Amino acid sequence: MRGSRLALVVLAGLATAIGAYLSFERSRGRLPPCPVGGGGCATVQHSRYAELAGIPVSLLGTLGGAALLGSLLLRTASAPVVTFAIAFGGALFSGYLTVLEGFVIDAWCAWCLTSAALWTCAAAISAARAYRLTAAPAT
């Protein structure tokens, strides 16, 4: 159980850090360097999908990651389910954004893809953890 919690802390911390970095660069009016080149990060950042209802998607990632970290501090019977719900929501939203990158924006952002992978791993680990911690013992 401690291993899955630690893995989730690392994943949530990395997702939060990526969102915070992208938000910081955006607030400065700068584009982050695209680790793989090709300009995909700039294309995605300048697309109309970089904001949702006027809120930068990177800020939503930062807040989501912080919420995931916070959920790991909860000490209630439902805490693993809350953690899973946040991670699953983040993975779904990241999946949606990844589909937009591939089929609408026609550009790939390495930061976004990394974040999506982190959220997907967090969802898988938190699902297994929630199942293990909340499943009724067999009789």
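Here the structure is a predicted model, which is why all the values come from computation and not from measurement.
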To the nearest 0.5 Å, atom CD1 of Ile18 lies from atom CH2 of Trp119 at 11.0 Å

**Prompt:** Would the number of heavy atoms belonging to other residues, nucleotides or ligands and lying under 6.0 Å from CZ of Phe93 be above 12?
**Reply:** yes

### Query
With side chains defined as the heavy atoms from C-beta onward, is the minimum distance between Ser4 and Arg132 less than 4.5 Å?
yes

Q) Under 4.5 Å between any side-chain heavy atoms of Pro32 and Phe24, yes or no? A) no

Any side-chain to backbone donor/acceptor pair from Ser23 onto Leu59? Under 3.5 Å, distance only. yes

In short, Ala122 meets Leu8 closest at the heavy-atom pair O-CD2, 3.5 Å

Note: Thr83 and Ser71 closest approach over all heavy atoms is OG1-OG, 2.8 Å

- Any side-chain heavy atom of Trp108 sitting closer than 4.5 Å to one from Thr98? yes

Report task. Check for a donor-acceptor pair, side chain of Arg5 on one end and backbone N or O of Leu72 on the other, with a separation under 3.5 Å. Result -> yes

| field | Short side-chain to backbone donor-acceptor contact, Ser115 and Cys112, under 3.5 Å | value | no

CG (Leu100) and CG (Asp106) are apart, to the nearest 0.5 Å, by 12.0 Å

Would a single hydrophobic cluster contain both Val99 and Val57, if residues Ile, Leu, Val, Met, Phe, Trp and Tyr are joined by side-chain heavy-atom contacts under 4.5 Å? no

- prompt: Under a single-linkage definition using a 4.5 Å side-chain heavy-atom cutoff for Ile, Leu, Val, Met, Phe, Trp and Tyr, are Ile105 and Leu22 assigned to the same hydrophobic cluster?
  reply: no

Do Phe84 and Leu74 share a hydrophobic cluster, counting only Ile, Leu, Val, Met, Phe, Trp and Tyr and linking them when any side-chain heavy atoms are less than 4.5 Å apart?
no

Quick one: does Leu31's side chain get under 4.5 Å of Glu25's, heavy atoms only? no

CG (Leu68) and OG (Ser126) are apart, to the nearest 0.5 Å, by 7.0 Å

I'd like to know if the side chain of Thr76 reaches the main chain of Ala79, judged simply by a donor and an acceptor atom lying under 3.5 Å from each other, with no hydrogens or angles considered.
yes

Self-check item: Tyr21 and Trp111 aromatic centres sub-6.0 Å
Solution: yes

Do Ser94 side-chain atoms and Ala91 backbone N/O form a donor-acceptor pair below 3.5 Å? no

Discussion item. Please say yes or no: joined through hydrophobic side-chain contacts below 4.5 Å, possibly via intermediate residues, are Leu63 and Leu69 part of one cluster?
Written reply: no

Taking Val82 as the starting point, is it possible to reach Leu133 by hopping between hydrophobic residues whose side chains are less than 4.5 Å apart?
no

When rounded to the nearest 0.5 Å, the distance separating SG of Cys41 from CG of Leu113 is 8.5 Å

Hey, does Leu118 have a side-chain heavy atom less than 4.5 Å from the side chain of Cys121? no

So CD of Glu51 and CZ of Arg26: to nearest 0.5 Å the spacing works out to 4.5 Å

4.5 Å side-chain heavy-atom contact, Glu101 and Thr43
no

